[in-house]
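As structure tokens, the structure follows; a few thoughts come after it.
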Amino acid sequence: MSKVEHLDSTVLTGGGARTPDARSAAFAAGGNGNPDSVTAMTTQQELVRFLEDRFACAQACTDCSRACVLRVSRSDPDATDHEALVRRKALLCAEVCDATCRMLAEQNLQDEPSLRLQAKWCLLVCLEYAQVLDAQPGAEADAQTCRDCARACTEFLATLN
């Protein structure tokens, strides 16, 4: 049983083992669907850290997505090339953060490579957009929100290791 599977099942079953039906369905679907680095011997402390980091990352993604969408709503669609670039980057950041949040919030089985890839993609998009915002007057708060999201993704990735 992988770490994510064990952690998710512990939360869903109140700390007990997964039911045979759920385990059978997971393996019938082509594997356990969770990170290989997680073992059944996961401690309570590791479980708490994993869930806290996962929740913190999802919350940071929500905040970042909201900030990006608000920035797009305040922008002029018929703006200059640079402003259009900022708008496109904001939309991309909002979409990636939203997708990452949804993936982290799902309780169904997920594999570690997918979680890792999504978190890394979110981290990179947020940092890139934060750099774009650094050149925008009055965008310091939004840039910091993007950096906070990237930091939360980094901490979640560290939990997977």
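Only heavy atoms go into these numbers, but all of them, side chains included; no hydrogens, no water, no symmetry mates.
Annotation: side chain of Leu92 is not in contact with side chain of Glu128 (no heavy-atom distance under 4.5 Å). Contact annotation: the side chain of Thr159 never approaches that of Arg54 to less than 4.5 Å [non-hydrogen atoms, C-beta and beyond]. Residues Leu127 and Gln131 form no side-chain contact, since every pair of their non-hydrogen atoms from C-beta on lies 4.5 Å or further apart. Side-chain contact check for Leu104 versus Leu115: some heavy-atom pair is nearer than 4.5 Å.
Rounded to the nearest 0.5 Å, atoms CZ (Arg147) and CG (Leu133) are 8.0 Å apart. Note that CG of Asp98 is 12.5 Å distant from CE of Met103, once rounded to the nearest 0.5 Å. Considering CG of Leu70 and CG of Asp142, their distance stands at 8.0 Å, rounded to 0.5 Å. The distance from atom CZ of Phe156 to atom CZ of Arg49, rounded to the nearest 0.5 Å, is 11.0 Å. A distance of 12.5 Å separates CZ of Arg87 from CG of Leu85, quoted to the nearest 0.5 Å.
A side chain to side chain contact (heavy atoms under 4.5 Å, CB included) with Cys68 holds for exactly one of Cys146, Cys149, Ser73, Cys97; it is Cys146. Exactly one of Val86, Leu124, Thr145, Leu91 qualifies for a side chain to side chain contact (heavy atoms under 4.5 Å, CB included) with Tyr129. That residue is Val86.
Considering all non-hydrogen atoms of both residues, Cys93 and Cys126 come closest at SG-SG, 3.9 Å. Between Leu160 and Arg116 the shortest heavy-atom distance is CB-NH2, 3.5 Å.
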For a quick test of your reading: what N or O donor-acceptor pairs under 3.5 Å do the side chains of residues 55-64 make, sequence neighbours left out?
residue, atom, partner, partner atom, Å
Gln59, NE2, Asp63, OD1, 3.2
Thr62, OG1, Ala58, O, 3.0

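Screening residues 118-127 for side chain to side chain donor-acceptor pair (under 3.5 Å), with sequence neighbours left out, gives Thr100-Gln118.
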